[in-house]
S.K.: 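I have a structure I would like to understand better, so I am pasting it below and will then ask my questions one at a time.
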Protein chains: 2
Amino acid sequence: MKYKAEIDIMPLKEILDPQGKAVKLGLKNLGLPEILDARIGKHITLEIEAENKGAAEEKVAFACKKLLANLIMEDFKYKVTEA
Amino acid sequence: MKYKAEIDIMPLKEILDPQGKAVKLGLKNLGLPEILDARIGKHITLEIEAENKGAAEEKVAFACKKLLANLIMEDFKYKVTEA
């Protein structure tokens with residue numbers, strides 16, 4: 001069966017996010033000083049062939065740990081749904 | 001009141017995503033040929049000060065259109081919740 005995974009990979013709270021700071025400043029200059037904070041990470045969608053949802057989730061967790069996220073600086077969360 | 005926005009910005013379906021292709025190949029080489037497709041975009045979280053949820057959503061849509069997303073190559077979706 002086919003599954004779809006939606007993965008968010010974000011910099012850890014303790015880690016500075018210069019790209020987010022730049023976006024916050026840019027939004028302020030655009031007339032949006034109400035944006036108090038901005039943080040920028042990656043959003044990854046995967047299409048997976050797997051026997052069941054559990055197997056698909058296992059593959060996604062493996063992919064995140066081994067390739068997609070740098071666990072020293074980032075954490076990840078994911079949601080798997082039937083495609 | 002404070003609101004939190006979760007924004008996903010993804011390359012349009014019609015647009016090639018070389019980064020996604022590279023990730024797909026990398027996962028295959030890691031022993032995950034079951035990943036049929038990968039697409040990579042940005043995930044942005046904003047913290048917003050606004051009077052109500054509608055106003056917060058308006059600000060997020062404005063920020064996406066004016067700064068965060070390149071509408072020629074990307075589309076965006078967002079979800080606003082109370083922080």
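Reminder, nothing fancy here: chain letters follow the sequence lines and each chain counts from 1.
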S.K.: What I'd like to find out is whether the side chain of B/Asp8 reaches to under 4.5 Å of the side chain of A/Asp8, using heavy atoms alone.
M.R.: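 Result yes, sub-4.5 Å side-chain heavy-atom pair found.
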S.K.: Do you know which of B/Lys66, B/Glu47, B/Glu49, B/Lys2 has the most heavy-atom pairs with chain A at a distance under 4.5 angstrom?
M.R.: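 Option with the top pair count is B/Glu47.
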S.K.: Any idea which of A/Asp37, A/Ile7, A/Ile48, A/Ile9 has the most non-hydrogen atom pairs under 4.5 angstrom with chain B?
M.R.: A/Asp37
S.K.: Check for me, please, whether A/Ile15 and A/Ile40 land in the same ILVMFWY cluster - side-chain distances under 4.5 Å, paths through other members count.
M.R.: no
S.K.: Taking all atoms of both residues into account, what is the closest heavy-atom pair of A/Lys42 and B/His43, and its distance?
M.R.: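 So the two residues come closest at O-CB, 3.6 Å.
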S.K.: What part of A/Leu32 gets closer than 4.5 Å to chain B, counting heavy atoms only: side chain, backbone, both or neither?
M.R.: side chain
S.K.: Return yes when atom CG of A/Leu71 has more than 12 non-hydrogen atoms of other residues, nucleotides or ligands closer than 6.0 Å, and no otherwise.
M.R.: yes
S.K.: Quick check on B/Ala50 against chain A: is it the side chain, the backbone, both or neither that has a heavy atom closer than 4.5 Å?
M.R.: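 Contact with chain A is absent: no heavy atom of B/Ala50 under 4.5 Å.
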S.K.: Would A/Met73 end up clustered with A/Leu12 when hydrophobic side chains under 4.5 Å apart are linked, directly or stepwise?
M.R.: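 Linked within one cluster.
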S.K.: In terms of hydrophobic clusters joined by side-chain contacts under 4.5 Å, are B/Met10 and A/Phe76 together?
M.R.: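 No, no single cluster joins them.
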S.K.: Identify which part of B/Lys4 has an atom lying under 4.5 Å from any heavy atom of chain A, answering side chain, backbone, both or neither.
M.R.: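 Contact with chain A: none, neither part.
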S.K.: What residues of residues 55-62 of chain A make heavy-atom contacts with chain B at a cutoff under 4.5 angstrom?
M.R.: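 Expected list: A/Lys59, A/Phe62.
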S.K.: I'd like to know which of A/Thr45, A/Ile35, A/Leu67 tops the heavy-atom pair count under 4.5 Å against chain B.
M.R.: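 With the most close heavy-atom pairs to chain B, the winner is A/Thr45.
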S.K.: Name the region of B/Leu68, side chain, backbone, both or neither, that has any atom closer than 4.5 Å to a heavy atom of chain A.
M.R.: side chain
S.K.: Do any of residues 19-31 of chain A have a heavy atom less than 4.5 Å from a heavy atom of chain B, and if so, which, in residue order?
M.R.: A/Val23, A/Gly26, A/Leu27, A/Leu30
